[in-house]
Amino acid sequence: MRERGVRERAAVPPGAISRLLVDLAREPARPPATALAPGTVVGRFQIQRELARGGFGVVYVARDRALGRSVAFKLVPARAQGAADDRVLREAEAAARLTHPNIVTLFDVGRCPAGPYLVLELLRGETLAARLRRGPLPLRDALRVAEAVARGLAHAHEAGVFHRDLSPGNVFLCEDGQVKVLDFGLAHAFGRARTAGGTPPYMAPEQRRGAPEDERTDVFALGAILFEMLTGEQPFPAATPGRTPRRAPALQVPDLPALADLLRRMMAEDPVRRPRDGGAVLAALGALGGELDRAGVRPARRSRRRRPVPQVALALLAVGVLAAAVVATVSLRRAPAGAAREGDRQLVAVADFVNDTGDAGLDALSGLLVTSLEQSQRIGVLPRSRMLDLARQGGRPGAARIDEATGADAGARGGVRTLLVPSIRREGELYVATLRALSLPGRDPVFTVEERARGLAAVPGLLDRLGARARRALREDDAEVEAHRVRLQDAVTSNLEAYGHYVRGLELSYQDFDAARALTEFRTALALDPRFALPSLEIAVLASWHEVPGEDGAARIAAAAAEADRLPDKERRTILAFRSFVDGDRAGAEVRFRALANDYPLDKGILYLAGEALWHGGTASGPREAAGLLRRALDLDPAFLVAAIHLFQWTDRFGPPDEATARARRAVQARPGPAAFAMLARALAARGHLKAALASARRASSMAGGAHFEASYALAEILARAGRGEEAARELRRWTEPDAEPGDRRIASEFLPVLLAGEGRLRAARRAWRRLSEQACGVECAAFDAVLAAHLALADDDPPAALAALRAGTPRAEADGDPDAWLWALLGDTTTGAARAARLAPGSIAERRHAAAAAISAARPDDAVAILRPLAAQDPAIPTAFLLGLALAGAGHDAEAVDAFAVVERAYPLYAPAWSASLRPRATWESARALLRLGRREGARAELDALLARWTRADRDLPLLRRARALRASLGDAPRSGAPAR
């Protein structure tokens with residue numbers, strides 16, 4: 001605390017950097033700074049000795065006479081022409097204010113007769129460059145250093161600061177084990193020429209060609225540094241500015257194969273294929289930590305090419321044949337677009353159509369053109385949502401359409417080489433479509449193609465031909481174009497009005513998260529073209545994962561699958577993958593979705609669907625894989641709310657602790673609407689910042705006049721979390737009225753009994769449950785209602801009634817077993833529990849959870865602990881943590897049990913699952929008992945006081961309430977009044 005106080009008092013005054021740079025920009029260039037003799041006094045700093053020289057100045061050891069500490073005094077060359085540029089000033093000032101354990105601290109800034117200077121913390125140790133001269137680092141050490149650098153990058157990137165010259169020479173390994181990043185955001189400001197970009201072997205391709213830079217430039221450099229730490233070799237040793245290096249070399253990491261994939265993505269030539277920023281890299285490295293702990297450690301090695309080229313080609317063909325055999329269940333008719341030669345694909349961007357026909361139904365034609373282009377194995381298309389995000393980052397916050405200027409700016413920022421600008425006009429009965437190709441960033445013309453068609457019905461065919469001609473102009477040969485081509489009117493739809501409704505539905509579903517309006521658009525599209533498979537797919541997704549009363553997800557996906565054979569590759573495979581999931585073939589769905597995510601890494605919708613499938617699939621590794629996919633979707637679109645839902649549950653349970661907040665703030669910056677502010681509110685609440693969370697949720701709700709369901713639901717969640725249950729209930733009841741949208745009404749009606757039960761108001765909760773159960777919406781809803789009724793009975797300490805509720809419910813018709821089998825076993829009906837678990841996949845989360853619950857019921861707590869300890873490190877679902885707490889307490893491990901129950905108590909229950917009604921108060925009670933057994937009476941008092949504070953309005957005859965009051969009274973002191981926290 002004392003050191004923090006010193007740093008705060010010595011912080012650089014606001015605007016100091018900016019003022020210095022403005023002054024320097026007015027002066028002519030000066031020669032390098034002259035030496036300062038030992039003993040020279042500059043302000044409160046006395047020079048002691050010279051420490052080092054480099055392109056960014058001379059560094060001395062100095063004494064801060066006011067604070068009595070040694071510092072690094074850096075005299076910098078006065079070469080700041082152009083440094084008064086507003087962007088440079090803002091970034092330099094932001095860099096000066098950075099405070100993070102992995103970034104060297106700037107204490108002061110000023111000028112003296114020898115020139116401008118910076119005063120920084122003095123580090124003792126060596127640079128990473130010096131360490132690498134002795135050879136590569138051990139794998140664990142390399143990962144530790146990379147993770148520390150990523151932490152510093154994540155902090156800076158969140159503040160809008162990029163390094164742009166990250167290299168081993170700018171990474172410092174301190175004697176105490178700390179890792180610090182040097183020269184953050186200041187080198188360019190103080191005169192380092194921007195054309196130099198950075199240190200050549202670590203420069204990203206966009207730096208070499210003078211294209212715009214962003215966070216991913218630093219990601220590339222960190223990838224090159226990590227590669228060198230692992231191998232002792234630079235990945236691009238001969239790289240020079242202005243010249244694009246060859247592709248990143250392959251790396252073999254026997255103990256951590258996922259690391260090789262991460263490095264490949266970090267050093268991708270195309271920036272959009274890299275992790276979005278330091279936070280994304282940090283999350284990926286963190287996810288590898290547990291995997292490494294379970295593996296032995298062998299050195300990484302660079303892949304060597306030792307065979308003649310023809311032999312290598314044969315070897316690769318053999319590997320491809322084996323891989324095809326492994327995933328044969330996918331049953332592909334043709335090679336997926338984009339699966340081959342991924343690194344050789346040209347990335348293009350497509351602007352929105354300039355529609356001069358006067359027919360608004362043609363506004364959405366760009367999507368069909370993109371579908372035509374996506375069939376290519378040579379061309380990748382930057383998603384429209386990503387382009388809008390890049391446009392907003394580039395200073396166009398209100399961008400809703402992608403015109404030529406917006407597309408050029410977004411495309412250049414996204415590393416795109418070619419922008420396609422389509423337009424359509426009418427000449428009598430003829431429709432004339434023109435496609436101009438512009439090189440980026442200069443917007444120089446590359447080619448123009450034009451196609452004509454007679455009548456509106458012929459426009460899809462016109463787009464087919466336009467796409468094929470564009471592919472040829474982009475140097476794809478005729479054979480490839482014809483081999484991978486679709487007829488849009490047959491493969492998608494011939495009804496352009498239906499297609500327009502489908503596109504609007506996608507925007508509402510995936511951008512605004514407005515399921516009700518999205519459903520209307522999808523249903524309208526189907527009414528116009530009943531064979532249009534893609535709206536059926538989207539309705540099935542909403543019905544299966546977002547509760548849509550009146551819709552049968554299985555019937556919708558079956559209808560879509562009936563049309564699958566005529567669809568383009570991506571769409572066909574997506575439908576078949578989702579049908580596998582709906583039909584209960586979770587293993588098959590996971591295989592299919594993994595392949596799709598690999599083949600279409602720039603499609604946020606694919607990444608989201610794959611993440612959902614893996615999250616709900618049941619394999620122990622599924623949630624971790626899902627978190628990675630959802631992170632990638634959010635990297636493409638920071639305000640992608642549906643992707644954030646499960647990722648926030650993962651980070652709430654496993655971290656990194658501030659990732660959700662950082663991502664939510666980025667969402668607000670990218671698209672400041674109700675959904676983004678609701679996302680931020682939930683992230684803040686999960687970190688315990690309830691006052692700020694409530695402010696954000698109220699802002700989200702007010703922005704939509706109280707008519708945005710997600711904003712209102714988030715507000716109710718946070719009010720409940722803050723102990724203001726009656727306000728939360730009022731907010732929810734607005735959405736449980738008969739005139740509410742059925743889906744919104746159903747979800748709000750599910751939360752209300754859970755909320756009331758959490759306050760101990762079980763009679764009111766049961767009344768709310770009865771109203772909920774009247775809203776029939778299929779087997780899934782009936783199963784949820786039965787499980788919720790069981791938890792309400794369990795909250796009333798009535799296991800027989802809980803079993804009766806389960807028996808009265810409609811069992812889930814799942815091919816791979818009942819995921820709630822554990823609850824039957826915990827309640828004592830081990831026979832039914834075993835029968836319902838019989839089809840669960842061995843080793844799945846549900847199977848292991850059931851086995852543990854059965855062991856607890858059979859008084860075998862040690863067996864349950866052995867099952868649950870490793871599972872709790874993989875499964876973010878709270879029932880696993882609760883069962884682990886019971887098992888640990890039963891086995892006499894009370895200290896560990898308290899920790900397990902704390903996970904249940906502090907979890908932020910997005911969408912208030914049924915277990916919240918009973919497990920949270922039970923966890924508090926069990927934790928208090930465990931603390932008493934440990935002799936920690938004050939801790940037990942605190943737990944009981946927290947429970948009683950939440951239950952100030954509880955039913956007086958609640959059994960757990962009576963026991964809690966009695967136990968609290970036995971500990972002395974009267975229970976506190978328990979006014980709700982605010």
Side-chain angles (χ1 to χ4, degrees), residues 1-14 16-17 20 32-78 92-93 95-131 133 144-145 148-149 151-152 155-156 161 163 165-187 189-190 192:
M1 291 299 291
R2 185 175 301 157
E3 176 64 14
R4 178 181 296 179
V6 168
R7 290 189 180 183
E8 287 173 354
R9 288 195 300 274
V12 180
I17 288 282
L20 178 60
T34 56
L36 292 174
T40 302
V41 175
V42 180
R44 69 174 195 266
F45 305 102
Q46 184 173 37
I47 304 300
Q48 294 183 327
R49 68 179 188 279
E50 184 176 317
L51 188 62
R53 285 178 177 260
F56 185 24
V58 185
V59 183
Y60 301 88
V61 176
R63 183 73 175 167
D64 184 335
R65 297 186 300 171
L67 297 174
R69 64 181 171 191
S70 294
V71 296
F73 186 99
K74 178 174 285 194
L75 199 60
V76 297
E93 196 65 48
R97 310 297 294 175
L98 293 176
T99 302
H100 189 272
N102 296 114
I103 299 175
V104 66
T105 303
L106 179 65
F107 292 139
D108 203 354
V109 60
R111 297 181 68 184
C112 68
Y117 65 82
L118 310 174
V119 181
L120 305 108
E121 66 177 308
L122 181 65
L123 306 177
R124 303 189 186 279
E126 63 179 344
T127 64
L128 178 59
R131 169 60 186 84
R133 285 194 283 272
R144 180 185 66 82
V145 173
V149 174
R151 272 195 291 271
H155 177 75
V161 180
H163 195 292
D165 192 15
L166 191 63
S167 70
N170 277 326
V171 176
F172 200 89
L173 309 179
C174 301
E175 291 176 351
D176 62 0
Q178 276 273 45
V179 178
K180 300 274 188 177
V181 181
L182 313 180
D183 289 350
F184 220 123
L186 296 173
F190 279 90
R192 179 166 295 177

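We count residues from 1, following the sequence as given. Predicted, not measured: the structure shown is a model, and the values here were computed from it.
Across Gly169 and Ala129, no two heavy atoms sit closer than the pair N-CB, 3.8 Å. Across all non-hydrogen atoms, the minimal contact from Leu36 to Ala114 is CD2-CB, 3.8 Å. For the pair Ala72 and Glu121, the tightest heavy-atom approach, listed with the atom from each and the gap, is CB-O, 3.9 Å. A pairwise comparison of heavy atoms in Phe45 and Ala62 identifies CB-CB, 4.5 Å as the closest pair. Nearest heavy atoms, Val119 versus Leu106: O-CD1, 3.4 Å. Closest heavy-atom contact between Leu122 and Ser70: CD2-CB, 3.6 Å.
Judged as a side-chain contact (heavy atoms from CB on, under 4.5 Å), and not counting sequence neighbours, the contacts of Gln178 are Pro101, Asn102, Cys174, Asp176. Partners of Gln48 under the side-chain hydrogen bond (donor to acceptor under 3.5 Å, both in side chains) rule, at least two apart in sequence or in another chain, do not exist in this structure. Residues forming a side-chain contact (heavy atoms from CB on, under 4.5 Å) with Val42 (at least two apart in sequence, or on another chain): Thr40, Phe73, Cys112, Tyr117. Taking the side-chain contact (heavy atoms from CB on, under 4.5 Å) definition, one finds that Arg144 meets it with Val179, sequence neighbours left out. Under the side-chain contact (heavy atoms from CB on, under 4.5 Å) criterion, Val41 pairs with Gln46, Arg65, not counting sequence neighbours.
A heavy-atom distance below 4.5 Å is found between the side chains of Leu123 and Leu182.
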Trace of the side-chain contact (heavy atoms from CB on, under 4.5 Å) decision for Leu51 with Tyr60: CA-CA 5 Å; Leu51 188 62; Tyr60 301 88; 5.9 Å; no

Steps toward side-chain contact (heavy atoms from CB on, under 4.5 Å) verdict (Val149, Leu166): CA-CA 10 Å; Val149 174; Leu166 191 63; 4.1 Å; yes

Pair Asp64-Phe107, side-chain contact (heavy atoms from CB on, under 4.5 Å): steps then yes or no: CA-CA 10 Å; Asp64 184 335; Phe107 292 139; 6.0 Å; no

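A donor-acceptor pair under 3.5 Å links the side-chain atoms of Asn170 to the main chain of Asp165, judged by distance alone.
Thr105 OG1 to Leu120 CG: the interatomic distance, rounded to the nearest 0.5 Å, is 8.5 Å.
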